Amino acid sequence: MINVVILAAGQGKRMNSNLPKVLQPLAGKAMIEHVLQTVDKMDNVSKKVVVVGHQADVVRAHLSDNEDVSFALQQPQLGTGHALLQTLDQLDPSAEYTLVLLGDVPLIQPETIERLTAVAGDGMAILTTVLRNPTGYGRILRQKGRIVAIVEQKDATEGQKQIREVNTGIMLLPTARLASWLSELKTSNAQGEYYLTDVIGLAVRDGVRINSARPRRSFEVEGVNSKTQLARLEGIWQDHQAELLTEQGVTVLDPSRLDIRGKLTCGKDVTIDIGCIFEGDVVLGDGVYVGPYSVIRNAEIAQGTQVAAYTHIDGALVGSQAKIGPFARLRPGAQLADHVHIGNFVEVKNSIVGDASKVNHLTYIGDADIGARVNVGAGTITCNYDGVNKFRTVIEDDAFIGSDTQLVAPVTVGAGATLGAGTTLTKNAPAGKLTLSRARQVTIDGWVRPQKKQA
Ligand code: UD1
Ligand code: MG
């Protein structure tokens, strides 16, 4: 078993933000949540401890839903070794290893952690990478191929600065040795900090083997210290996700103009046009087309449905072979059956729309149950709210709602009923009949238009 410690006490000054660094969002989610999500995919975790310090309460509150995460407060922040020291009493002593992850290195993937554990043997393991420009990182010193020390940028000699293999900050340490190693750390270095990296020297002294692994992809070990780096990593991650989709057979018309902030699951022959944003959990069935500049969040869209440009879908279920948009808005609780048409400037909220029903223009459907094959005319409004309470509108199968109609809920339109255009329906409309509320049309004979008064 493995203890996992996530270091997240640092300030992140270079973000120039009031939000703590590890809570800055990447692909719609706090960086540290990405790390926790990766940890959740590991099956051998014992304890999970997050070290908080700078704005500790804000970080803790943000993660409060993670019941299996405990927090260690590091106050003041005296370095990465000091940070790990704060967690000792919360670790599982029987867990062979303790994995150190960083809250600002968000995209580490489970496969890479597996590689690291695979090389640890009965010693320890460090995740290293080779950088063209290693400036700022701790350099890996080797003798006869074996790691013997890590030297920080600020403590490195000119010769050591030439080394391009660096410490990613992610390492796997033997839990049983931690207490003694961490208590031996000194602050006699350029930054006056307790460096976690100094445990390497202690491991060498104690005859503990130090192995290393490399990440599969370089973005996994990229740290974020500024908004510039955050934006860069966001781009890399979006490119990566688009590539996973295209590899899997999705047609992405321009991978550089797709944003996925969550999880997008696609069937066969899905096409996604430019500028779309997917948030939360979205499932697109076989043959679904999503038109340009659509924003879709927490939704399921079944097989063959076409979503035209500029459509917003949030918390909705859409059946198969439906046509949605352009400029449509489906809000939470919208449930559309198969073959439904929802056209431009139509908003649907907390409503069921039955098979093959059509709501094509300029309409608000809220808190309604609409049956099958209903036609809702242009400019229809379900008046669901009296300013205090919400009420439901029921429209049964095969009803025809004339244009510019208001349905003042609670109200029911019976099966096959027709409502005349312009009706304000305040009482139930019986099945199979024409109902309308409309002042009779009159024409006034002999009427003349007012004339402009002469001055
Ligand atoms: C650290 C490593 C360096 C490595 C680099 C990778 C040390 C001494 N150096 O350097 O070898 O190349 O990461 O990015 O470990 N933190 C705390 N408490 C502290 C200090 C830091 O929780 O007292 C946290 C920070 O929030 C951050 C992480 O630890 O998540 C790394 O700290 P940072 O100050 O960025 O270390 P580096 O100087 O970058
Ligand atoms: Mg750093």
Side-chain angles (χ1 to χ4, degrees), residues 4-15 17 19-24 26 30-36 49-56 58-60 63 71-88 99-108 126-131 133-141 147 149-156 160-161 163-173 181-182 185-202 210 212 214-215 218-226 229-230 233:
V4 177
V5 173
I6 303 173
L7 305 187
Q11 181 175 4
K13 236 188 241 156
R14 281 185 282 158
M15 281 288 169
S17 168
L19 190 67
K21 174 156 88 166
V22 295
L23 297 189
Q24 299 285 339
L26 183 117
M31 289 199 280
I32 192 165
E33 287 182 81
H34 284 272
V35 179
L36 284 168
V49 187
V50 174
V51 182
V52 291
H54 185 76
Q55 287 188 276
V58 183
V59 177
R60 219 190 276 243
L63 299 178
F71 296 90
L73 185 64
Q74 185 199 18
Q75 207 69 275
Q77 292 94 48
L78 302 178
T80 49
H82 180 250
L84 186 57
L85 184 65
Q86 312 310 311
T87 68
L88 286 187
L99 173 68
V100 177
L101 299 173
L102 308 182
D104 58 356
V105 181
L107 296 181
I108 183 74
I126 301 174
L127 190 67
T128 76
T129 189
V130 173
L131 298 178
N133 177 9
T135 309
Y137 287 86
R139 307 299 205 283
I140 304 289
L141 305 194
I147 296 177
I150 296 176
V151 57
E152 293 303 300
Q153 168 84 22
K154 290 187 178 146
D155 302 286
Q160 290 166 336
K161 283 181 189 159
I163 298 172
R164 289 168 46 225
E165 186 185 12
V166 302
N167 172 29
T168 64
I170 293 172
M171 51 180 86
L172 194 67
L173 301 159
W181 285 352
L182 294 176
L185 295 181
K186 304 272 178 340
T187 57
S188 49
N189 52 56
Q191 302 183 79
E193 289 183 0
Y194 295 98
Y195 287 167
L196 177 57
T197 45
D198 285 349
V199 302
I200 310 305
L202 302 173
I210 304 157
S212 65
R214 301 260 169 94
S218 56
F219 66 69
E220 293 183 63
V221 294
E222 275 205 36
V224 173
N225 298 301
S226 66
Q229 289 172 339
L230 182 62
L233 197 56

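Atoms within a ligand are numbered from 1 in the order they appear, just like the ligands themselves. Being a predicted model, the structure only gives us computed values, none of them experimental.
The part of Ala83 lying near ligand 1 is the side chain, judged by heavy-atom distances below 4.0 Å. At a heavy-atom cutoff of 4.0 Å, ligand 1 is contacted by no atom of His82, backbone or side chain. At a heavy-atom distance under 4.0 Å, no atom of Val22 approaches ligand 1. Residue contacts with ligand 1, taken as heavy atom pairs separated by less than 4.0 Å, do not involve Asn225 at all. If you look at Gln74 next to ligand 1, the close heavy atoms, those under 4.0 Å, all belong to the side chain.
The closest approach between any non-hydrogen atom of Ala8 and ligand 1 is below 4.0 Å. Within the 4.0 Å heavy-atom shell around ligand 1 one finds Thr197. Within the 4.0 Å heavy-atom shell around ligand 1 one does not find Gly53.
Leu182 approaches Gly81 most closely through the heavy-atom pair CD2-O, 3.8 Å. Nearest heavy atoms, Trp181 versus Leu202: O-CD1, 3.4 Å. Here the closest heavy-atom approach between residue Lys154 and residue Ala190 is recorded as O-CB, 3.5 Å. Shown here for His82 and Gln86, the closest heavy-atom pair between the two residues is O-NE2, 2.8 Å.
Inclusion of Gly79 in the set of residues having an N or O under 3.5 Å from an N or O of ligand 1 is warranted. Note: an N/O pair closer than 3.5 Å links Gly10 and ligand 1 by distance alone.
Short contacts between ligand 1 and Glu152, defined as distances under 4.0 Å to a heavy atom of the residue, involve ligand atoms 2 (C), 3 (C), 7 (C), 8 (C), 9 (N), 10 (O), 11 (O). The distance from ligand 1 to the heavy atoms of Gly138 drops below 4.0 Å at these ligand atoms: 3 (C), 4 (C), 11 (O), 12 (O). Of all atoms in ligand 1, numbered sequentially from 1 with element shown, those under 4.0 Å from a heavy atom of Leu7 are 22 (O), 24 (C), 29 (O), 30 (O). Annotation for ligand 1: atoms under 4.0 Å from non-hydrogen atoms of Tyr195 are 8 (C). Interface atoms of ligand 1 facing Thr80, defined by a heavy-atom separation under 4.0 Å, are 7 (C), 8 (C), 15 (O), 20 (C), 21 (C), 29 (O), 31 (C), 32 (O). Those atoms of ligand 1 that come under 4.0 Å of a heavy atom in Asn167, given as number and element, are 2 (C), 3 (C), 4 (C), 6 (C), 11 (O), 12 (O). Residue Leu102 approaches ligand 1 through these ligand atoms, each under 4.0 Å from one of its heavy atoms: 28 (C). Near Leu78, the atoms of ligand 1 lying under 4.0 angstrom from a non-hydrogen atom of the residue are 23 (O).
Residues Phe71 and Val51 are not in side-chain contact: their nearest non-hydrogen atoms beyond the backbone lie 4.5 Å or more apart. Arg214 has its side chain within reach of Thr128: a pair of non-hydrogen atoms, C-beta onward, lies under 4.5 Å apart.
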**Q.** Residue pair Leu26, Leu230: steps toward the side-chain contact (heavy atoms from CB on, under 4.5 Å) verdict
**A.** CA-CA 7 Å; Leu26 183 117; Leu230 182 62; 3.9 Å; yes
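With hydrogens and angles left out, the side-chain atoms of Arg139 and Gln153 include a donor and acceptor closer than 3.5 Å.
Rounding to the nearest 0.5 Å gives a distance of 10.5 Å between OG of Ser226 and CD of Gln24. In this structure, the separation between CD1 on Ile200 and CG on Asn167 is 7.0 Å, given to the nearest 0.5 Å.
Atom CZ of Phe219 is surrounded by more than 12 heavy atoms from other residues, nucleotides or ligands within 6.0 Å.
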